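Structure first, then comments.
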Amino acid sequence: MAVQKLPLAKALNESLRKALETDPKVLVMGLDVGKLGGVFRITDGLQKDFGEDRVIDTPLAESGIVGTAIGLALRGYRPVVEIQFDGFVFPAYDQIVSQLAKMRARSLGTVKMPIVIRIPYGGGIGAVEHHSESPESLFAHVAGLKVVTPANPSDAYWMLQQAIQSDDPVVFFEPKRRYWDKGEVDVEAIPGELHKARVAREGTDLTLLAYGPMVKTCLEAAAAAAEEGKSIEVVDLRSISPLDFDTIQASVEKTRRLVVVHEAPVFFGSGAEIAARITERCFYHLEAPVLRVGGYHAPYPPARLEEEYLPGLDRVLDAVDRSLAF
Amino acid sequence: MTVESTAARKTTRRSSGTKRTASASASAKKATASQSAEPELVQLLTPEGQRVQHPEYDIDLNSEELRGLYRDMVLSRRFDAEATALQRQGELGLWASLLGQEAAQIGSGRALRDDDYVFPTYREHAVAWCRGVDPTNLLGMFRGVNHGGWDPNSNNFHLYTIVLGSQTLHATGYAMGVAKDGADSAVIAYFGDGASSQGDVNEAFVFAAVYNAPVVFFCQNNQWAISEPIEKQTRVPLYQRARGFGFPGVRVDGNDVLACLAVTRSALERARRGEGPTLIEAYTYRMAAHTTSDDPTRYRRDAEREEWEAKDPILRLKTYLENEGHADAAFFEELEAESETLGKHVREVVRAMPVPEHMAIFDNVYADGHALVDEERAQFAAYQASFEGGEAE
Ligand SMILES: Cc1ncc(C[n+]2csc(CCOP(=O)(O)OP(=O)(O)O)c2C)c(N)n1
């Protein structure tokens, strides 16, 4: 059956399976990806079916994982690396930023770096420290990396396929608190391009722009606002770098108002870049300044405070009201 | 063995892509086999509770001291069991059990002097106990009300560190400071077999050796890093690595509290004498799951746990205490009652642990204050107040 209803986690698992089947050069690497199937079971059953040479349990060393993936890529492999949690990517940050991102430019385009770094990210699962962060801006700021994040199972399936096929390094952020959300996946569909944003809900009064875990929150906010007679458009960014400004611009020219929502801290976050560019592009269309809703300039708090920290329905609707009041 | 695997490697270098993979894993299997040739283990108390001698690490403890070690182990196991139960009841979000590692932790922890400094990972509950840290303090982080929540300097017990291996560098730097100050305290850093693969740990070894820092690296090799067995981290016994960095390494029976005490004491003394770092590999076993979120049935055999249960650190000391007349029935009864009290106390304190005020999000971000934090704090307060006043409806 081409169309299946799958949780996002299972869609990723199917996507990895497909990639391993299709291309013998694809490798899956990381901590606990083998017998355990990863702490979130994204790689469940893959080692059993593809063997330890292709689904590789690595030593507990993130710099080592990414550094050796670079070497494997130089040798013609396409490693898909799993970082166990967002907060544990930093031991590998040097390899990603100083080496992986620059390899193509340094080699005058002769070297390909077809590496995907999968990172479960974001909060909302009641975890301890370092398990709930949203570091996407830290990667988007680095030239040479693509940074993408699916918000639903279909995108999870297809965007991961596309990321693996890309000859550029892709940091693939997975919204961990949406892993268990189900949605339809058409494994025979012709997917949209990896870098394209998607209008997830049409509206005329205001655009809510989000990605990853916040898309669902924004759709809920739009539905709640509809009950009050407000017509909210929701755009799912999908790709943070590159950014699809054309889709955002088209939406803003229609609605004239933009609120950007993400879990990461607002200060120097992706919303800042979007606000600045959209202000340049759409200055005469805007009825209100671009507003941002996101995390605070404070360490991600302990689990019992995360509901206060994370943008929820109320905070999104509050920003909608503020924008409409201009 | 070594010759064979080198030969295997040479052939693979010349062979084709597909063959390469096959021979590479064959040579890997050989390496595993060579590792299982078990190296010397410092032991003073056998799994059967027999006292044995060791030429280098002997120790002389009186009955009271022996009972003290036993009491520490029993109470820390009880505390751990209580925390596991509290997690099951939804009072804690997560728990990392120390079950099986009591001897490694109590032995090393009781070797410390008050002015020594401890850098733990996140499973060192029994070391915290030795430091006099209120055990309920350890639970805040797992309950999700703080990220540590104690003052490390009040007991010379640093905050738990979740990013693996990071604290080994902090410990080394702290030890460098101790040496600069001309003090004769020592520092101990705890980490796991998995963490030994991290760059930070290896960099800590380099710094400690180069600066002759008074630090003891205490690796609890509990055989597993979540689902990954020790063979996925190393091909040589971990303690042997120290030599390559330029300091001694020793493997101790991590389920033997006497040996852990003796070996750690000796390494700390060496550090105090200005002779530099030591790596101790406490060879032990993680009897429970990695954490309460983990399912070990997916990756390890039940029989393995049973094999290690026969080496239980608490049972062997109990046998010894009883056989040698170091403790009587009354002692064990009193200890049981004390365990009950501790368990009850832990339950009560955890259930009463308050959720912090919302505004705590903005506390302690900077020492000097910061305009952005002040602005966001004010916005947040106004937003919260809008609900309390009911205006948001
Ligand atoms: C840098 C980093 N990567 C990954 C993790 C996730 N993680 C937490 S514990 C653990 C296994 C640790 O094993 P080990 O060091 O042997 O200590 P143990 O838990 O067995 O005591 C992993 C992979 C982490 N905490 N930090």
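Convention: sequence-line order gives letters A, B, ...; per-chain numbering from 1. Treat the numbers as computed from the prediction; the structure is a model and nothing was measured.
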Proximity breakdown for A:E62 and chain B, heavy-atom pairs closer than 4.5 Å = both

Interatomic distance, B:I162 atom CD1 to A:H131 atom NE2 [nearest 0.5 angstrom] = 6.0 Å

Side chain of B:E228, backbone of A:D32: donor and acceptor closer than 3.5 Å?
-> yes

Taking all non-hydrogen atoms of both residues, which atom of A:L305 and which atom of B:A360 are closest, and how far apart?
-> CD1-CB, 4.3 Å

Contact class of A:L31 relative to chain B, heavy atoms under 4.5 angstrom | both

Could you check which of B:Q233, B:E357, B:M141, B:R377 has the highest count of heavy-atom pairs closer than 4.5 Å to chain A?
-> B:Q233

Please report the closest heavy-atom contact between B:G144 and A:P302, naming both atoms and the distance.
-> O-CB, 3.2 Å

So which of B:V355, B:V365, B:I361, B:D363 has the largest heavy-atom pair count under 4.5 angstrom toward chain A?
-> B:I361

With respect to chain B, which residue among A:R315, A:E129, A:E52 yields the maximal number of heavy-atom pairs within a distance under 4.5 Å?
-> A:E129

Side chain, backbone, both or neither of B:V373 within contact of chain A (heavy atoms, under 4.5 Å) = side chain

Distance-only, no hydrogens or angles: does the A:R304 side chain make a donor-acceptor pair with backbone N or O of B:R143 under 3.5 Å?
-> yes

B:L94 versus chain A, heavy atoms under 4.5 Å apart: side chain, backbone, both or neither?
-> side chain

Using a cut-off of under 4.5 Å for heavy-atom pairs, which of A:A298, A:P299, A:A127 has the most such pairs with chain B?
-> A:A298

Region of A:F88 in contact with chain B, defined by heavy-atom distances below 4.5 Å = side chain

Chain B contact via A:R41 - which portion, at a heavy-atom distance below 4.5 Å | side chain

When the 4.5 angstrom heavy-atom criterion is applied to A:P91 and chain B, the contacting part is side chain

Per-residue tally against chain B (heavy atom, under 4.5 Å) across A:D318, A:D321, A:D57 peaks at A:D57

Atom pair NE2 (B:H370) and CZ (A:F267), whose distance is rounded to the nearest 0.5 Å = 6.0 Å

Stepwise side chain to side chain donor-acceptor pair (under 3.5 Å) test for A:E308 and B:H358 = CA-CA 7 Å; A:E308 313 296 335; B:H358 301 161; 3.3 Å; yes

Under 4.5 Å from a heavy atom of chain B, the part of A:D314 involved | both

Flag, side chain of B:R298 to backbone of A:L36, donor-acceptor distance under 3.5 Å | yes

Assign the ring pair B:Y366 / A:H297 to parallel, tilted or perpendicular, where the plane angle (0 to 90°) is split at 30° and 60°.
-> parallel

Give, as side chain, backbone, both or neither, the part of A:Y300 having an atom under 4.5 angstrom from any heavy atom of chain B.
-> backbone

To the nearest 0.5 Å, atom OG of B:S166 lies from atom NE2 of A:H130 at 7.5 Å

